Enquirer: 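Would you mind keeping the following structure in view while I ask a few things?
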Amino acid sequence: MTYGKAAQMPPLSPPAIRARKGSEPIVCLTAYTTPIARLVDLHCDLVLVGDSVGMVLHGLPNTLGVDLEMMVMHGKAVRRGLKSALMVVDLPFGTYEESPEQAFRNATRLMRETACDAVKLEGGAHMAETIAFLTRRSIPVMAHIGLTPQAVNTIGGYKVQGRGADAQAVQRDAQAVAEAGAFAVVVEKVPDILARRITLDIDIPTIGIGASAACDGQILVVDDMLGMFADFKPKFVKRYAELADGANKAIAAYAADVRARRFPAVEHVFGDVPASVPDAG
Ligand code: KIV
């Protein structure tokens, strides 16, 4: 096994991630289960238990159906798999937008029950007050601007954000979440030039997804980069494996073996295998 980071590294903290601004790229992936968390922990600085879990593992059409219980359950599973990466858990839709107090109540539950290091929430300038409220009360916050999937219905789809005149609004969002005290910000699906400008403008790390190689770090949904979905190939995802294809071939081979009585073979069963089964009576 090769390690992409110092194997004996102490657990990373939000301030340590923040201090990486403008230096070594911050490597991030999502994880939702213990086995995947163990694998990504070997290579990643930050692991996000994203609300994308709803679409990736539960077959939901978007992230709006994800609730706090799901995040707690997957958060606990991921915690068991991590040794050194910083663990961030998403606040799902409807659990933080109402008021800073609501956000505080649900963020503390996530932190207490999953032992995560920080929470993530979606939204720019309009969430700045909440981000400040949480960070002043010892809850590290990773912000998320540009395309915010929980707003899919108001945005009208998963479109690139910040094109043309909208670029200034996204830039203002970045400034606002940085000033409010977020330790990092996910910048999703914006033009490369805008992600570069934001990265230069703000003093916290930008974590790009569909953004720019100039961001301070990158994140992808782990199942996307592993090729777990044969037909889902968005432009911003580079596939590093074709696991759906491999799994499909393996399952087909198993089905063929069972139908042909090739499985289980002699080495898979217990005791002697008679040449033929004697007749009863
Ligand atoms: O929910 C998620 O997985 C995310 C990342 C894609 C940034 O928010």
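Both counts, for ligands and for their atoms, begin at 1 and track the order of listing. Note that the structure is predicted; figures quoted are calculated from it, not measured.
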Enquirer: Give the atom numbers and elements of ligand 1 that come within less than 4.0 Å of a heavy atom of Asp90.
Expert: 1 (O), 2 (C), 8 (O)

Enquirer: side-chain hydrogen bond (donor to acceptor under 3.5 Å, both in side chains), that's the test. Do Tyr96 and Gln150 meet it? Break it down for me.
Expert: CA-CA 12 Å; Tyr96 62 94; Gln150 293 174 11; 2.7 Å; yes

Enquirer: Check each of Glu122, Met70, His74 against Asp51 using the side-chain contact (heavy atoms from CB on, under 4.5 Å) test, and report the only one that passes.
Expert: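 For Asp51, the side-chain contact (heavy atoms from CB on, under 4.5 Å) test succeeds with only one of Glu122, Met70, His74, which is Glu122.
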
Enquirer: Considering non-hydrogen atoms of the protein only, which is the closest contact for atom 2 (C) of ligand 1, and what is the distance?
Expert: Ser52 OG, 3.2 Å

Enquirer: Identify whether NZ of Lys or CZ of Arg in Arg261 sits under 6.0 Å from the centre of the six-membered ring of Phe263 and within 45° of that ring's axis.
Expert: no

Enquirer: Where do Thr130 and Ala103 come nearest, in terms of heavy atoms and distance?
Expert: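 Taking Thr130 first and Ala103 second, the nearest heavy atoms are CG2-CB, 3.5 Å.
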
Enquirer: For the 3.5 Å polar cut-off, considering only N or O atoms, please tell me whether Lys120 and ligand 1 meet it.
Expert: yes

Enquirer: I want to know if ligand 1 touches Glu122 in the polar sense, i.e. an N/O pair below 3.5 angstrom.
Expert: no

Enquirer: Closest non-hydrogen protein atom to atom 5 (C) of ligand 1, residue and atom name please, with distance?
Expert: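 Heavy-atom neighbour on the protein nearest atom 5 (C) of ligand 1: Leu48 CD2, 3.7 Å.
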
Enquirer: Are side-chain N/O atoms of Ser212 and Asp192 paired as donor and acceptor at under 3.5 Å?
Expert: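 There is such a pair between these side chains.
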
Enquirer: Give the atom numbers and elements of ligand 1 that come within less than 4.0 Å of a heavy atom of Gly50.
Expert: 1 (O), 2 (C), 3 (O)

Enquirer: Closer than 4.0 Å to some heavy atom of Ile209 - which atoms of ligand 1 meet that?
Expert: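 Counting atoms of ligand 1 from 1, those under 4.0 Å from Ile209 are 6 (C).
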
Enquirer: I'd like to check Met87 versus Val78 (side-chain heavy atoms, cut-off strictly below 4.5 Å). Are they in contact?
Expert: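 In short, these two side chains touch, coming nearer than 4.5 Å.
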
Enquirer: Suppose I only count heavy atoms of Thr30 and a 4.0 Å limit; which atoms of ligand 1 are within that range?
Expert: 3 (O)

